[in-house]
Amino acid sequence: MRKIPVTESPAENDRPAHSETEGSKSVPAGSDLQGSGADQDEGESLQADLDRFRDLALRTQADFENYKKRSAREKEEAIKYANSSLLERLIAIVDNFELGLEAARGEGESSPVFSGMSMVLKQIMDFLSEHGLRSIDATGQKLDPNLHEAIAHEPSDKVSEGVVIRQTRRGYRMKDRLLRPSSVVVSSGPVN
């Protein structure tokens with residue numbers, strides 16, 4: 001197979017590699033037809049190779065474009081959710097802080113400890129919400145397995161079946177992702 005330089009025009013491909021003058025060699029009469037058929041087969045083969053490589057180049061270019069788009073999307077997500085592990089760890093601290101706040105409430109809501117802890121909790125929650133963290137309020141909502149984790153079922157005459165009676169642990173979302181599901185107790189309907 002003959003190599004064709006990329007800069008060579010198609011008209012140059014048809015010329016033989018060694019140019020000969022008309023009178024320098026004599027060619028038998030029957031061999032001209034055979035040479036023409038071989039040149040045609042070689043030309044078709046070269047055209048098929050050219051088409052195949054052109055197709056391969058286009059596919060490779062499309063793959064590269066898809067790779068660039070996917071990389072950009074992954075980079076955006078990495079930046080968007082970079083703080084998620086930190087916020088997830090802070091959630092556990094907030095849970096314990098809320099338990100302490102409930103204990104301080106026992107002393108009375110006018111107590112300086114309770115009011116101080118309430119202000120600190122508000123500051124923490126404001127900080128978390130600024131960074132895209134939202135709490136999930138599950139009480140009174142229909143059980144959604146994508147947002148709620150049912151830890152128990154209780155019969156209830158007041159709440160219909162499949163509805164959350166109470167939330168034992170608050171769930172959180174970060175932007176559009178679930179960071180932690182709410183732990184809930186679900187109604188199993190009226191007692192029979």
Only pairs at least two apart or in different chains count here, so list each salt bridge (charged side-chain N to carboxylate O under 4.0 Å, His left out) that has a residue in residues 106-118. R105-E109
Between the CG atom in D63 and the CG atom in L56, the distance rounded to the nearest 0.5 Å is 9.5 Å
Are V113 and L99 connected into the same hydrophobic cluster when the rule is that any two of I, L, V, M, F, W, Y join if their side-chain heavy atoms are below 4.5 Å apart? no
How would you list, by chain and number, every residue that makes a side-chain hydrogen bond (donor to acceptor under 3.5 Å, both in side chains) with E161, sequence neighbours excluded? none
Mind checking side-chain hydrogen bond (donor to acceptor under 3.5 Å, both in side chains) for R59 and listing every partner two or more places apart, or none if nothing turns up? D55
To the nearest 0.5 Å, tell me how far L46 CG sits from D41 CG. 11.0 Å
I need the minimum non-hydrogen distance between V164 and A138, along with the two atoms involved. CB-O, 3.3 Å
State yes or no: do L128 and Y172 share one hydrophobic cluster built from I, L, V, M, F, W and Y residues joined by side-chain heavy-atom distances below 4.5 Å, directly or via other members? yes
Which heavy atom of R170 sits nearest a heavy atom of S135, and at what distance? CD-CB, 3.2 Å
All salt bridge (Lys or Arg N to Asp or Glu O under 4.0 Å) counterparts of R166, not counting sequence neighbours: E154
Between CD1 on residue I124 and CG on residue L90, distance to nearest 0.5 Å: 8.0 Å
Would you say the side chain of V184 lies within less than 4.5 Å of the side chain of E149, judging by non-hydrogen atoms? no
Just wondering, do V186 and V163 contact through their side chains at under 4.5 Å, heavy atoms? no
Pairs where residues 112-123 contributes a residue and the test side chain to side chain donor-acceptor pair (under 3.5 Å) is met, not counting sequence neighbours: K122-D126
Can you pull out every ring pair (Phe, Tyr, Trp, His ring centres under 6.0 Å) where at least one residue sits in residues 105-130? Sequence neighbours excluded, please. F127-H131
Those residues that, when tested against H153, pass ring-ring contact (aromatic ring centres under 6.0 Å, His included) (two or more places apart): none
Could you grab the distance from atom CG of N146 to atom CG of L143, nearest 0.5 Å is fine? 9.5 Å
Of all heavy-atom pairs between V94 and L121, which one has the smallest distance, and what is that distance? CG1-CD1, 4.1 Å
Main-chain N/O of T168 paired to S183 side chain as donor or acceptor, under 3.5 Å: no
For Q47, what residues pass the side-chain hydrogen bond (donor to acceptor under 3.5 Å, both in side chains) criterion, not counting sequence neighbours? D51
Please report the shortest heavy-atom distance between L179 and L133, naming the atom on each side. CD2-CD1, 3.4 Å
Same cluster or not: are L101 and I91 linked, directly or through other Ile, Leu, Val, Met, Phe, Trp or Tyr residues, by side-chain heavy atoms under 4.5 angstrom apart? yes
Are the side chains of V120 and F97 in contact, using a 4.5 Å heavy-atom criterion? yes
Residues 77-92 vs side chain to side chain donor-acceptor pair (under 3.5 Å), sequence neighbours excluded, gives E77-R177, Y81-D176
Heavy-atom check, side chain of I165 versus side chain of K158, under 4.5 Å: no
Filter on salt bridge (charged side-chain N to carboxylate O under 4.0 Å, His left out), then keep only pairs touching residues 134-146, sequence neighbours left out; what's left? none
Which pairs of donor and acceptor atoms, one on a side chain in residues 65-72, lie under 3.5 Å apart (sequence neighbours left out)?
residue: N66; atom: ND2; partner: A62; partner atom: O; Å: 3.4
residue: S71; atom: OG; partner: Y67; partner atom: O; Å: 3.0

With Q141 via side-chain hydrogen bond (donor to acceptor under 3.5 Å, both in side chains) - residues at least two apart: none
Please check if the side chain of S129 supplies one atom and the backbone of M125 the other of a donor-acceptor pair under 3.5 Å. yes
Contact summary for S187 and S156, nearest pair of heavy atoms: OG-CB, 3.7 Å
How far apart are the closest heavy atoms of Q167 and S182, and which atoms are they? OE1-OG, 3.4 Å
